[in-house]
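What you see is a predicted model, and the numbers here were worked out from it, not measured in a lab.
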Amino acid sequence: MVHTHSEPMCRRFTLSAAKETVPTARRLVLATVRDWGLPLPDETLDDLALLSGEVIANALLHASGPYTAVVSWARARLRVEVADTAESGRGLLLVAALAADWGSTPTATGKTVWFEVAPRVPTSAPDRPAS
């Protein structure tokens, strides 16, 4: 079955709390998005890799057990959620600066940090030389 980009899609990973899982988890997120064939430009994929690494590293820094990463696509936005056993997390300034939207939600066993990216729309016409 061929997915249209308007269909919701979702994939979940559960990973151990070992530092070497940051690059592994980041690769899983990017591989999922590439497998789905989403219409995301390279710049958005670069942001996705950077932001995924940040929230995964944050989970590993503040949590003691395994964590779950969920990647989902709906309504022209890609969402990544990372659930861990920590009650709080710090160092998410980069996420706040680059993500289209983000937040943190308490859970029964810790918290879930999520962010969304969307294809960037040019804000102005390309620079043209003065005539």
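Within the model, atoms OG1 of Thr107 and CD of Glu81 stand 11.0 Å from one another, a figure rounded to the nearest 0.5 Å. For the atom pair Asn58 CG and Asp84 CG, the distance stands at 7.0 Å (nearest 0.5 Å). Taking CG from Leu78 and CG from Asp47, the interatomic distance works out to 11.5 Å, rounded to the nearest 0.5 Å. Atom OG of Ser72 sits about 10.5 Å away from atom CH2 of Trp114, to the nearest 0.5 Å. Rounding to the nearest 0.5 Å places CG of Leu45 at 12.5 Å from CG of Leu50. The line from OG1 of Thr44 to CG of Leu48 is 9.0 Å long, rounded to the nearest 0.5 Å.
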Practice item. Walk me through it: do Trp73 and Cys10 pass the test side chain to side chain contact (heavy atoms under 4.5 Å, CB included)? Key: CA-CA 7 Å; Trp73 171 262; Cys10 186; over 6 Å; no
**Study point:** Test log, rule side chain to side chain contact (heavy atoms under 4.5 Å, CB included), inputs Thr68 and Arg12
**Key:** CA-CA 7 Å; Thr68 302; Arg12 175 183 308 269; 3.5 Å; yes
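Nearest heavy atom pair, residue Ala49 against residue Arg26, reads O-CD, 3.0 Å. When all heavy atoms are compared, the tightest approach of Ile56 to Ala25 is CD1-CB, 3.4 Å. In this structure, Ala100 and Ala118 approach most closely via the heavy-atom pair CB-N, 4.4 Å. What you find for Gly53 and Val22 is that their closest heavy atoms are O-CG1, 4.0 Å. In plain terms, the two heavy atoms of Val95 and Val55 that are nearest each other are CG2-CG1, 3.9 Å.
Residues Thr32 and Arg11 have side chains that bring a donor and an acceptor to within less than 3.5 angstrom of each other. Judged purely by distance below 3.5 Å, without hydrogens or angles, the side chains of Tyr67 and Thr85 never pair a donor atom with an acceptor atom.
Within the 4.5 Å cutoff, side-chain heavy atoms of Ser16 are placed close to those of Thr21. Counting heavy atoms from C-beta on, the side chains of Trp102 and Val80 never come closer than 4.5 Å.
The hydrophobic clustering, which links ILVMFWY residues whose side-chain heavy atoms are closer than 4.5 Å, places Val70 and Met9 apart.
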